Each structure stands twice: as C-alpha cells, then as structure tokens.
Amino acid sequence: MTTGTPAPDPQARADGEPSRIPVGVLGARGRMGTEVVKAVNAAEDLELVAMVDEGDWLFNVADAGAQVVVDFTRPDVVMDNIRFCVDHDIHCVVGTTGFDEQRLATVAEWLEPKPSVGVVIAPNFGIGAILLMRFAQEAARFFPSTEIVELHHPNKVDAPSGTAARTARLVAAARRDAGLPPPPDATTDALPGARGADVDGIAVHAVRLTGLVAHQEVLMGAAGETLTLRHDSYDRASFMPGVLLAVREVGRRPGLTVGLESFLGL
Ligand SMILES: NC(=O)C1=CN([C@@H]2O[C@H](COP(=O)(O)OP(=O)(O)OC[C@H]3O[C@@H](n4cnc5c(N)ncnc54)[C@H](O)[C@@H]3O)[C@@H](O)[C@H]2O)C=CC1
Ligand SMILES: O=C(O)C1=N[C@H](C(=O)O)C[C@H](O)C1
C-alpha cells in the first residue's frame, strides 16, 4: 500500500488494465473502515492503495491511483468525499448514512458531466438486511399496521439508522401503491417520542444498547395476526460480501445506484 505515485502493477494485463482493482478506503480507521481494509487485503483481485481517515490528505486516494473508493465516514463529511471522487473520475462505494432525496439528487447532478463514473450508495450492504427490506416491501400491502424497530451499538452516530429510514420509505411507497391509508396510530403519546419517529408515515423506534451490532425488526399486524421480519448483524464481517461485490461492479455501472438490490438481481 502506497500513498504516493502508484508502482507499476507486476501483474498488469496485456491491454494495460491493472489485473487488480486499486481501491482506496475513506474512514479507514473506523469500525467499518478497518473491516473493509481487511477484506480488500484478503481479496486477490483487489489492491489496497490508500487508507484515509480524519486529518489525512484526501488527495492520497487520487495520487495513489485508486479506481474505486469505499466510504464509511460520517454523514457530515461524505458529500465532500463523493464530490472529490467524482471530480477525479474515481468510482465510489458509499456505506455512510444520512442520504435523503435532496442529497441523492445532488450526487446525480455531479455525475451528469461524468458519464463513465459510477457511485453506489447503500444504507446496508448486509445481504440479509437487503432481503429483509425486499420482504417488507412485498408484505406491506397485506397489513394495515407496520412499525419498525432498529437496534444498534451505542456508538452509532445517527438515529434512526439509514436502513430503517429506507425500509420505512419503501414500505410506505408499497402501501401507497396498494391504496392503503397510513397505519393507524395512537397519536396521544403522553411523553414526546414515545411513539417513535415518523418516517413517511411509518413509526420508527431506535434502541441503542451495549452488546449489539446492527439489528432490525419490521412488525406488521392485521386482525388476529402479526408478522415479524428480523435481521441481525452480529459482526461487521456480515457487510463485506456486499461491499466487495459493489467494489467489483461499480465500474460497470455508471451513474448513481441507490441500494445494492440491482447488483443482487433483485
Ligand atoms: N451501509 C452499511 O452497510 C453500513 C453503514 N454504516 C455507516 O457507516 C458510517 C460509519 O460507521 P462506523 O464505521 O461505525 O463509524 P466510525 O465512527 O467507527 O468510523 C468513521 C471513521 O470515519 C473517519 N472520518 C471522519 N471524517 C473523515 C473524513 N473527512 N475523511 C476520512 N475519514 C473520516 C473517523 O475518524 C472514523 O475513523 C455510519 O454512517 C454508519 O451508519 C455502518 C455499518 C454498515
Ligand atoms: O452504524 C451502523 O453500525 C450501521 N449503520 C447502517 C445504518 O444506519 O443503517 C447499517 C447498519 O445498520 C449498521
């Protein structure tokens, strides 16, 4: 791993393309960044060329010849990172949360003059979590009531989680498409917050607890029955197959991709 001029790749292919994809990691010393560094180092077809954390020089990723950058930083810095990468024709795989429609539209605008650059923004790279979102979307129209409970480690920077926010929006859209009214809601909460946050009409409750990693339940109810969908990430290794898939594919998917679903054929 270098942060200066990239050394020639000894395994370079005859067509001049490097045989391994050069990857830079932003947030490299964080909980997720550390895991991504391990995963990239362990992948034979990827080469870790730059590790950048707070206080480091962002230009390192461009100087080191990164073709793909993976960002697990913070919602308040991620937009600047994406802007830098797009300007430097570097594909981005973004796991950092905090994206609303306005932010996504801004990234799409930046990409307009860069038709060959790809950016993937996914609130969750765990295959089980992605499937849970899909199952919740499928089930949404059959149940008048839906609420979401997300449970995370106590150092998580944001609440509710990006996954819970996206799940709520997907479920709300599926309900609207099916002509369902908003879920019935006892709005007379004696204490503010007792009924959770309202995300697109869906109540989302956030639990922060030592011992947890990342967990989500979608609770659905109809007369006389409930359906509970639950996903648990017990280890951040659970996100790595999705991150590596995105790193390998993003160069073939120009423009903005939100969520990993299409990469999984969903
Ligand atoms: N999409 C997914 O599957 C997942 C997303 N996340 C999200 O990823 C983000 C990071 O989560 P964690 O790793 O737990 O947080 P963390 O706090 O452990 O790591 C963030 C790292 O970013 C660094 N950083 C801050 N500003 C920076 C900058 N300008 N440039 C480079 N590095 C900078 C920090 O120093 C820290 O090392 C959060 O938004 C979290 O919600 C977390 C897990 C899975
Ligand atoms: O901060 C985390 O840990 C996680 N963040 C993502 C989110 O906010 O949805 C993904 C996962 O839940 C872990």
Side-chain angles (χ1 to χ4, degrees), residues 1 3 23-43 46-58 60-61 64 66 68-82 84-85 91-99 103 119-133 148-167 204-217 230-248 250 258-260 263:
M1 207 270 307
T3 52
V23 179
V25 178
L26 305 185
R29 291 195 290 273
R31 283 176 288 266
M32 282 298 288
T34 308
E35 199 67 37
V36 173
V37 164
K38 263 199 287 177
V40 170
N41 274 330
L46 308 179
E47 182 185 8
L48 182 70
V49 295
M51 293 167 60
V52 171
D53 205 279
E54 194 165 22
D56 296 335
W57 188 227
L58 184 54
N60 286 350
V61 290
V68 178
V69 151
V70 181
D71 187 301
F72 283 97
T73 57
R74 284 197 323 248
D76 58 319
V77 301
V78 64
M79 289 299 277
D80 287 346
N81 292 344
I82 297 175
F84 174 90
C85 290
H91 308 295
C92 298
V93 172
V94 180
T96 306
T97 49
F99 285 87
R103 279 187 165 207
V119 175
V120 180
I121 299 176
N124 204 309
F125 285 98
I127 307 299
I130 296 164
L131 288 172
L132 183 151
M133 284 189 259
I148 296 174
V149 184
E150 56 96 332
L151 311 91
H152 281 84
H153 60 95
N155 301 313
K156 182 162 174 55
V157 286
D158 54 343
S161 70
T163 309
R166 181 162 162 81
T167 310
V204 178
H205 310 267
V207 176
R208 297 290 173 266
L209 210 66
T210 301
L212 296 180
V213 178
H215 316 259
Q216 174 163 292
E217 281 189 2
R230 179 170 173 121
H231 174 257
D232 298 278
S233 275
Y234 299 109
D235 190 299
R236 290 182 179 83
S238 61
F239 302 113
M240 293 308 117
V243 171
L244 295 186
L245 172 66
V247 167
R248 290 175 177 126
V250 64
V258 180
L260 206 63
F263 285 38

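Values in this document were obtained by computation on a predicted structure and should not be read as measured data.
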With a 4.5 Å limit on heavy-atom distance, are the side chains of [X] and [Y] in contact?
X    : Y    : value
R31  : N155 : yes
V258 : F99  : no
V157 : P75  : yes
R230 : L151 : yes
M32  : F239 : yes
T167 : M133 : yes
V68  : V93  : yes
V40  : V247 : no

Salt bridge (Lys or Arg N to Asp or Glu O under 4.0 Å) partners for R103, two or more places apart
none
R236: partners by salt bridge (Lys or Arg N to Asp or Glu O under 4.0 Å), with sequence neighbours left out
none
Shortest non-hydrogen contact between [X] and [Y], atoms and distance:
X    : Y    : result
R208 : A159 : NH2-CB, 3.5 Å
V204 : P160 : CG1-CB, 3.6 Å
G24  : A66  : N-CB, 3.8 Å
S233 : V213 : O-CB, 3.1 Å
G95  : F125 : CA-CE1, 3.5 Å
A43  : R248 : CB-NH2, 3.7 Å

Atom [atom1] in [X], atom [atom2] in [Y]: separation rounded to 0.5 Å?
X    : Y    : atom1 : atom2 : answer
E54  : R29  : CD    : CZ    : 9.0 Å
M79  : D71  : CE    : CG    : 11.5 Å
L212 : D232 : CG    : CG    : 9.0 Å
M240 : D235 : CE    : CG    : 9.0 Å
C92  : N81  : SG    : CG    : 8.5 Å
I130 : H231 : CD1   : NE2   : 9.0 Å

Verify, without hydrogens or angle tests, whether [X] (side chain) and [Y] (backbone) share a donor-acceptor contact under 3.5 angstrom.
X    : Y    : answer
S238 : G126 : no
D80  : V77  : no
T96  : T73  : yes

In this structure, which one of V94, V69, V120 forms a side-chain contact (heavy atoms from CB on, under 4.5 Å) with V250?
V120
Decide whether T163 and E150 meet the rule of one side-chain donor and one side-chain acceptor closer than 3.5 Å.
no
Residue set satisfying ring pair (Phe, Tyr, Trp, His ring centres under 6.0 Å) with F84, at least two apart, ordered chain then number -> F59, H88
